[in-house]
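Labels below follow one simple rule: chain letters A, B, ... track the order of the sequence lines, proteins then strands, and each chain is numbered from 1.
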2 protein chains.
Amino acid sequence: MDRRQQKTKQAIFGAFSRLLERKSFGNITVQEIIDEANVGRSTFYAHFETKDELLREMCTDIFEHVFSDDLRQESNHDFSHSDYDFEKEITHILYHLQSSKKHLKGLFACESGELFMNYLKGYLTEMFSGYIEKEPHQAPTEYLLHMMVCSFTETVRYWIAEDKKYTPEELTTYFMEYIR
Amino acid sequence: MDRRQQKTKQAIFGAFSRLLERKSFGNITVQEIIDEANVGRSTFYAHFETKDELLREMCTDIFEHVFSDDLRQESNHDFSHSDYDFEKEITHILYHLQSSKKHLKGLFACESGELFMNYLKGYLTEMFSGYIEKEPHQAPTEYLLHMMVCSFTETVRYWIAEDKKYTPEELTTYFMEYIR
DNA sequence: TAGATATCGAACAAAGCGTTTTGTAACATA
DNA sequence: TATGTTACAAAACGCTTTGTTCGATATCTA
């Protein structure tokens, strides 16, 4: 890929990410993005059809980067016999997320987070479904799965948004204690 | 208040709510709202300065309606000795929410939900803080509070979004089981 | 009924969007 | 190093949406 294209794309991603930290997605204009990124108008549209497309692409980029090696394992998650494996996987994911913290902050902070969140939730739903049903419960499995997935994304949100200084291991402990 | 104003405001609230069920807040135009509500352009702007203002006003309306009697109690929530009271309060809130289901669906369904969610979370944070610290725990209290609040809003979202046919009592049971 | 006021409808400027064009600079390659 | 290719900046464009204004009309209140 052309060096110029890389630079432009990175400039736009960076600018967009920075803007997302202080404004909601809906209130950010293309003009602001290209001003912040210092690229021409036509250049922006050469790379992205729309603002939504930019968001989508940034999300997939990050998601694929964060979960690339996990996805390669063909995600055969079966935690039915081992709490330890489950915890290890959680910590593993948190490490990945930590390394992408810079861009994630904007994505988790505001309304636009929905999109990346949905990627994450899709992945987690599959992963967590192996962990459920270990103990008998009244609530529908579907409900518990939904709640566990949301609890995890909210844990991450709590962690990222306020720059909480916990290690992935600490956070895993807290999370496991919460969902018991 | 003038009967015409009431009718107009209700027409706009209704139209907006219906649109929110099928489109995200950012993609709804004022034109669509006034077409759906069947009111003139100038009329809309006579009532609301902007689209965001409409959202804000609808949220406060619903929130105040749902929690009006609870708020009057000066919210002296102290559940330190009684799980029963806590459960009763939860069920109570769910009943209120159920009665406003129509408008809430749009607010919970999409990106715009953030605003109403934040009202709700503010209220719940105060309420839940009395329930925490009953058992010793490793995780920071702040974290647990955040998680409990989010768990509740997610429970409601799960309930509303998919028109799950649980009674407030059933849902309370599930929620209490989850947060234990 | 009379006076007040909410609404309608149309027209308007301003801002944002997405496209197109032209000239220039950075690139890959031979 | 020379050459063709590609990405970029800048400006102009038509279009959509926004938010305002104004006079005419319908509907309220008292």
Euclidean distance, atom [atom1] of residue [X] to atom [atom2] of [N] [Å, nearest integer]:
X       : N      : atom1 : atom2 : answer
B:Asn27 : D:dT17 : CG    : C1'   : 13 Å
A:Lys7  : C:dA26 : NZ    : P     : 9 Å
A:Gln5  : D:dC8  : CD    : C1'   : 11 Å
B:Lys51 : C:dA15 : NZ    : C1'   : 15 Å
B:Glu49 : D:dT18 : CD    : C1'   : 14 Å
A:Asp2  : D:dC8  : CG    : P     : 7 Å
A:Phe48 : D:dA7  : CZ    : P     : 14 Å
A:Phe44 : D:dA10 : CZ    : P     : 17 Å

Reported CE-to-CG distance for the pair A:Met117 and A:Leu124, which is rounded to 0.5 angstrom: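 If we round to the nearest 0.5 Å, A:Met117:CE and A:Leu124:CG are 10.0 Å apart.
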
More than 12 heavy atoms from other groups under 6.0 Å of CD on A:Gln6: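 Yes, CD of A:Gln6 has more than 12 neighbouring heavy atoms, counting only those of other groups under 6.0 Å.
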
Side-chain-base donor-acceptor pair under 3.5 Å for B:Arg4 and C:dT7: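 In this structure, the two groups form no donor-acceptor pair.
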
Pair of N/O donor and acceptor under 3.5 Å linking D:dT27 base with B:Arg3 side chain: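 No, the side chain and the base share no sub-3.5 Å donor-acceptor pair.
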
Options D:dC8, D:dG19, D:dT17, nucleotide nearest the side-chain atoms of B:Tyr45: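 Selected nucleotide: D:dG19.
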
Any B:His47 side-chain N or O less than 4.0 Å from OP1/OP2 of C:dT7: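 True: B:His47 side-chain N/O within range (under 4.0 Å) of C:dT7 OP1/OP2.
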
Close aromatic pair by centroid cut-off 6.0 Å: A:Phe44 and A:Phe48: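 So the answer is yes for these two rings.
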
B:Glu21/B:Arg18 salt bridge by N-O under 4.0 Å criterion: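 Salt bridge: no.
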
A:Arg22 and A:Glu36 ion-paired at < 4.0 Å: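 A:Glu36 and A:Arg22: salt-bridged.
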
Under 3.5 Å donor-acceptor, B:Glu32 side chain and B:Leu19 backbone: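 No: the side chain of B:Glu32 does not pair with the backbone of B:Leu19.
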
Donor-acceptor pair, side chain of A:Ser151 and main chain of A:Met147, under 3.5 angstrom: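 A pair under 3.5 Å: yes.
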
DNA chain D contacts made by residues 31-43 of chain A, counting heavy atoms under 4.0 Å: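 Listed by number, they are A:Asn38, A:Val39, A:Gly40, A:Ser42, A:Thr43.
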
